[in-house]
Amino acid sequence: MVTVAQNIVDTLEANGVERVYGIPGDSLNGFTDALRTSSIDWVHVRHEEAAAFAASGEAATTGALAVCAGSCGPGNLHLINGLFDAQRSRVPVLAIAAQIPSDEIGSNYFQETKPTELFRDCSVYAEHVSTAEQMPRVLRIAMQAAIEKRGVAVVVIPGDVALADAVDTTVSTLTDNDPRVIPAVKDLERAADLLNGAKKVTILAGAGVAGAHDEVVALADALAAPVVHALRGKEWIEYDNPFDVGMTGLLGFASGYRAMESADAVLMLGTDFPYPQFYPDDAVKIQVDLRGENLGRRTPLDVGLVGDVGDTAEALLPLLAPRKSRAHLESSLDHYAKTRRRLDDLATPAGAGKPIHPQYLARLIDEIAADDAVFIPDVGSPVVWAARYLTMNGRRRLIGSFSHGSMANALPQAVGVQASHRERQVIALAGDGGLGMLLGELLTLDQNAPLPVKIVVFNNSSLNFVELEMKAAGFVNYGTGLKNPNFAAVAEAIGIRGVRVSESSELEGALRDTLAHDGPALIEVMTDRQELSMPPSVTAAQMKGFTLYALRTVLSGRGDEVVDLAKTNLRQIL
């Protein structure tokens, strides 16, 4: 007789699911036993948080449904952070959350939690299966919701229900639709009138421009508009774009910020860019988004258009009048060229015996990595260097916890990407804090038919981005120092190739060898703790904060830190 668990696995298999990430547990026994005789791989991680991050990474790079699983109570509770990341990144993930025995629910039983309540805020669908009769319908609804809403669906199922005989053994296959969504003509005309009346238009492009590269470039040409990208838009619009002027926001740089601030009209395409302070106050604002609930969420709008970016751009283009002046575009491109040169000037080797500049490390990674590499930076300073120094080309991918902003995402997401792309180069740009948080996932790389992930560790012995935030707010750095192990030696002990580099002169050769290694490898690079990732615009409050930080640090007897900070960053202002 087919069990409910077997029917779940049969349905996943029929819908192209090739792997499930998780950790076994008694409440999951029916599910994992059914997997054992299927074509689906069980990818055994060391922490359920990593299972959800791995599924998020797979879904982000395949676009298809990815699956993770957790046993009852603490097991599935650990999934929650990675599921929040998948939900906020809008990638389709199904989580199988096992529950305690049905007859014990509500008795404060061992490991009892309320998963449907816990996962409600990080899912598009979360439902408890209390009887075999509910299946496979609940699973079908969950999968459809995850695929069509591009988010997380959670199926909570007690172990006894999973082991029960299936009442219905139907195996449904679902399709992923790709509808055309175009704004009404009258709304397009309103937007065109405002754009035609503006003298200086800037485009802000986000993740929603995926698949619409050529349409957005054509729109920029017609509007003589520089294109500023948000971080999640970088991989989709930066390449082969003569109108690109870089990023804005806390991780961006001066040219992107200036192109936004000097505009009298901003056209926002597929972006939910979250920082209101980086939108110009007095400019006309037009937003295009497939999800109408996003319109006006970050800044007041003059026109909001619900539509797919590519289709909307095509429909808008014929309504635009020929642009006579290209002065705003040319000025923005000139400023970008100067800003780019200044950034590149910082990506140079340090002298002998000095910590390595993280900019130099990021630049070398960009130069050496494969043309179709997948880069996954940890939240914190590795994201800054990735945003500023990694070059996209239409084949490379750049994914991360860019909306949820969780530490420790790089390694577990790399597990999911590499498991689903065995022949592709996958590079995790790990912070020392992030790597230490989920250090056990190094074991996962060798656990599962070795996954040849390449890990580049930015080791500055600190929670570096947190220190920058403290400095900007006027606080003396406290509680941010890290006493790290020799990560390369740890990797070697686990059975992964490990290399440690502390001299700039040795970095290029060691990095080339690491990225060319046939198997998982880790290179630990000792980078400068005092290197500042300066935002594109420094506010008066931040200037006051830095001054206050310096005074407080000196008065606390740690004036040597201020001296080191000045020495390290003097080259950024001269």
Side-chain angles (χ1 to χ4, degrees), residues 178-230 232-233 236-238 240-245 248 256 258-273 276 278-333 336:
D178 188 20
R180 295 193 71 197
V181 181
I182 305 173
V185 172
K186 64 179 179 60
D187 296 326
L188 288 167
E189 289 174 343
R190 284 175 59 215
D193 287 344
L194 289 173
L195 292 170
N196 288 333
K199 295 180 179 179
K200 296 184 291 185
V201 179
T202 292
I203 291 174
L204 175 62
V209 303
H213 175 278
D214 292 349
E215 292 85 351
V216 174
V217 170
L219 200 60
D221 190 17
L223 291 168
V227 179
V228 178
H229 59 261
R232 292 186 63 215
W236 305 117
I237 199 62
E238 180 184 70
D240 294 342
N241 181 1
F243 311 105
D244 179 67
V245 294
T248 187
R258 180 180 179 274
M260 289 283 288
E261 277 298 303
S262 58
D264 60 6
V266 174
L267 177 58
M268 302 153 59
L269 300 177
T271 181
D272 194 28
F273 180 70
F278 288 95
Y279 291 98
D281 292 329
D282 299 324
V284 167
K285 299 181 188 75
I286 301 165
Q287 183 177 0
V288 179
D289 203 293
L290 196 56
R291 294 169 176 82
E293 67 270 22
N294 287 355
L295 298 178
R297 188 188 343 221
R298 307 304 179 186
T299 186
L301 301 178
D302 293 276
V303 177
L305 303 174
V306 176
D308 169 80
V309 170
D311 292 334
T312 302
E314 278 191 340
L316 186 59
L317 195 59
L319 304 177
L320 299 177
R323 183 72 46 166
K324 296 179 180 179
S325 172
R326 301 178 81 84
H328 173 55
L329 172 62
E330 291 167 358
S331 174
S332 298
L333 290 172
Y336 174 61

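Worth knowing before you read on, the calculation uses all heavy atoms, side chains too, and leaves out hydrogens, waters and symmetry mates.
- Of all heavy-atom pairs between Q287 and L295, the closest is OE1-CA, 3.5 Å.
- Taking all atoms of both residues into account, the shortest heavy-atom contact from A315 to P318 is O-CD, 3.4 Å.
- No side-chain heavy atom of L329 sits less than 4.5 Å from a side-chain heavy atom of V245.
- The side chain to side chain contact (heavy atoms under 4.5 Å, CB included) check on D193 picks up nothing, with sequence neighbours excluded.
- Of all heavy-atom pairs between A192 and L319, the closest is CB-CB, 3.6 Å.
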Which donor-acceptor pairs under 3.5 Å do the side chains of residues 208-224 make with protein atoms, sequence neighbours left out?
from : atom 1 : to   : atom 2 : distance (Å)
H213 : NE2    : Y239 : O      : 2.6
D221 : OD1    : R326 : NH2    : 2.8

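- The backbone N or O of A259 lies less than 3.5 Å from a partner atom in the side chain of T202, making a donor-acceptor pair.
- For residues 311-332, there are no ring pair (Phe, Tyr, Trp, His ring centres under 6.0 Å) pairs, not counting sequence neighbours.
- A search for ring-ring contact (aromatic ring centres under 6.0 Å, His included) contacts involving Y279 returns F273, not counting sequence neighbours.
- With S262 contributing its side chain and R258 its backbone, the two residues share a donor-acceptor pair below 3.5 Å.
- Residue R180 holds its CZ atom at 6.5 Å from CD of E314, rounded to the nearest 0.5 Å.
- Residues that satisfy the side chain to side chain contact (heavy atoms under 4.5 Å, CB included) test with P276, not counting sequence neighbours, are absent from this structure.
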Practice item. Check the pair L188, T312 against side chain to side chain contact (heavy atoms under 4.5 Å, CB included), reporting the backbone distance first and the verdict last. Key: CA-CA 8 Å; L188 288 167; T312 302; 4.0 Å; yes
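- Between L333 and P242 the shortest heavy-atom distance is CD2-O, 3.4 Å.
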Using distance only, find each side-chain donor-acceptor pair of residues 298-310 under 3.5 Å and give its atom names and separation, not counting sequence neighbours.
from : atom 1 : to   : atom 2 : distance (Å)
R298 : NE     : D272 : O      : 3.4
R298 : NE     : D272 : OD1    : 3.1
R298 : NH2    : D272 : OD2    : 3.0
D302 : OD2    : K285 : N      : 2.9
D308 : OD2    : G310 : N      : 3.1
D308 : OD2    : D311 : N      : 2.9

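- Interatomic distance, CE of M268 versus CE of M260, reported as 7.5 Å (0.5 Å rounding).
- With I286 as the fixed residue, the side-chain contact (heavy atoms from CB on, under 4.5 Å) test singles out one of D187, L267, L316, L269: L267.
- Distance alone, capped at 3.5 Å, places no donor-acceptor pair between the D264 side chain and the A198 backbone.
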